[in-house]
Student: 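Attaching a single structure in structure tokens format; questions to follow.
Just follow the structure's listing: the first ligand is 1, and inside any ligand the first atom is 1. What's counted below: heavy atoms across the whole structure, side chains too, no hydrogens, waters or symmetry copies.
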Amino acid sequence: MKYGPPPAASGRFNSAWAELATVGRDHRRGGYSRHVFDDADMQMREWFTAQAARRGLDTEVDRNGNIWAWWGTPGPGAVVTGSHLDSVPGGGAFDGPLGVVSSLLAIDELRVRGFAPAKPIALVCFAEEEGGRFGLPCLGSRLMTGMADPEHVRRLHDPDAISFADAARRVGFDPTTIGPDPDRVAMIGAFVELHVEQGRLLHAADPNAAVAVGTQITAHGRWRMTLTGEGNHAGTTRPADRHDPMIPAAAAILAARRTLSLYDGAVATIGRLEPVPGGTNVIASSVDAWMDVRYGAAADTAALVDEIVAAVREEAELEGCTLVVHRESLSDQVMFDPALTMDLASALKVPVIPTGAGHDAGILADRVPSTMLFVRNPTGISHAPGEHAETADCLAGIEALADALTELAR
Ligand SMILES: [Zn+2]
């Protein structure tokens, strides 16, 4: 099937995109910083709720802060689509919001077509998918499916030392309600998340295709390495007297990079270092190095981390520093529902591709038939201001999503 832009959808897409363009701009990093329960996130959430209301959809916020908009009465067998509204720090415009905007416009498209769904259709915005504020990715979907401990989540804190519980209360959300939502999960008959592609596998699969169906997500996890040395004066401390935790932190960065050339398909990245106190003329007393690793299945990922940690430990000992490693998260490889994936790929006549990025669909896949639609990203850049998708490709995605919902809700 060749997807072309229907003109009405094109106008609605451009205006939705223009409305979101100013929300949560990060003038320091570039791009967007939208984190759960911050001003930008709340504006995004209000925007979604208003858009859903304008379409006559009933909206509700579930016990975990995820927003649902229903076409039809909530009930079993619901066909659910959606994504997230939050971003990484300095993220692109498309990661998350494209799936949310597309879900709204796919409903418009189905109504233009005169489609009468035989099953309830729900649009969902999952809370804190990126883990950009509290460090735990897919927070909302993990809580809903019972894959995150609510007590642990309430105590998570953001970089300003504000706990999840306090952040929730500040925006009028009751943090005591968070936790497994088995009745809601049981209502979901199928989940399809549309997302901008975050690499260039679609181009490799078919250079002419604007859309693909997802097959699987590589195992991925996050680790925090706390290196502790001795804070001291940068000008007066002799080399022999230094216990500088930034030295083993540098070794961690290099060890992570080395694994990329040693193991095909492996990626390990340290994108965040937090030295304490963080002064130019101060030898840090400690540093937190946050590492993201993705490789094969969970055991492969964990083995790779062990290897990196061993190299860091060696360097830490040489520098007279200590190392404590905290595993913040580890998600196993996820295979999307094979029947759903293949049915959609053949109905939509689009290629199938895997992804190395985590998604709420990967969390839901453990409990309900789930899959994803990916929209082409010409450069493959994501989690950065340069993330991009052509409008024609976004419109193709909306049409493909409408077709997918038709297949599933008829
Ligand atoms: Zn995303």
Side-chain angles (χ1 to χ4, degrees), residues 16-17 20 23-24 26 31-36 38 40-41 44-45 47-48 65-67 80-104 123-145 191-202 211-222 267 269 271 292 294 329 331 334 336 353-365 370-377 379-389 393-394 397-398 401:
W17 219 241
L20 297 179
V23 183
D26 189 324
Y32 295 91
S33 289
R34 300 161 172 159
H35 305 311
V36 69
D38 72 5
D41 184 55
M44 296 292 282
R45 293 160 74 89
W47 178 87
F48 173 78
N66 309 310
I67 313 175
V80 182
T81 185
S83 191
H84 59 97
L85 293 167
D86 66 309
S87 74
V88 295
F94 295 83
D95 179 353
L98 182 63
V100 172
V101 168
S102 298
S103 70
L104 290 162
L123 315 186
V124 63
C125 303
F126 283 111
E128 179 84 330
E129 191 274 343
E130 301 286 6
R133 182 166 184 187
F134 293 102
L136 183 61
C138 301
L139 188 77
S141 55
R142 277 184 209 269
L143 283 166
M144 182 179 86
T145 52
F191 179 59
V192 181
E193 178 172 359
L194 180 143
H195 207 278
V196 67
E197 203 203 349
Q198 296 174 287
R200 299 192 74 229
L201 295 177
L202 175 49
V211 180
V213 177
T215 52
Q216 66 188 86
I217 299 177
T218 310
H220 57 283
R222 293 178 182 198
V267 284
T269 308
D292 176 303
R294 303 160 195 239
S329 68
S331 309
V334 172
F336 291 128
I353 55 166
T355 177
H359 298 285
D360 293 306
I363 302 296
L364 263 68
S370 302
T371 194
M372 294 188 70
L373 294 178
F374 289 109
V375 171
R376 175 164 58 188
N377 173 344
T379 60
I381 290 175
S382 189
H383 284 186
E387 183 180 81
H388 184 70
D393 291 350
C394 296
I398 291 162
L401 180 59

Student: Check whether D86 reaches the backbone of E129 with its side chain - one donor and one acceptor, N or O, closer than 3.5 Å.
Tutor: yes
Student: Hey, can you tell me if F191 and F126 have their rings parallel, tilted or perpendicular (30° and 60° cut-offs)?
Tutor: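 Taking F126 first and then F191, their aromatic rings stand perpendicular (interplane angle over 60°).
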Student: Check whether any side-chain N or O of S33 sits under 3.5 Å from a backbone N or O of G90 as a donor-acceptor pair, and report yes or no.
Tutor: yes
Student: So that I can check it, does any N, O or S atom in E129 come closer than 2.8 Å to the Zn ion (ligand 1)?
Tutor: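 No N, O or S atom of E129 is closer than 2.8 Å to the Zn ion (ligand 1), so no.
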Student: Of all N/O/S atoms in D95, which lies nearest to the Zn ion (ligand 1)?
Tutor: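 D95's closest N, O or S atom to the Zn ion (ligand 1) is named OD1.
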Student: Specify which N/O/S atom of H84 comes nearest to the Zn ion (ligand 1), by atom name.
Tutor: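 Per the distance ranking, H84 contributes NE2 as its closest N/O/S atom to the Zn ion (ligand 1).
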Student: Distance-only, no hydrogens or angles: does the T81 side chain make a donor-acceptor pair with backbone N or O of E193 under 3.5 Å?
Tutor: no
Student: Does any N, O or S atom in H359 come within less than 2.8 Å of the Zn ion (ligand 1)?
Tutor: no
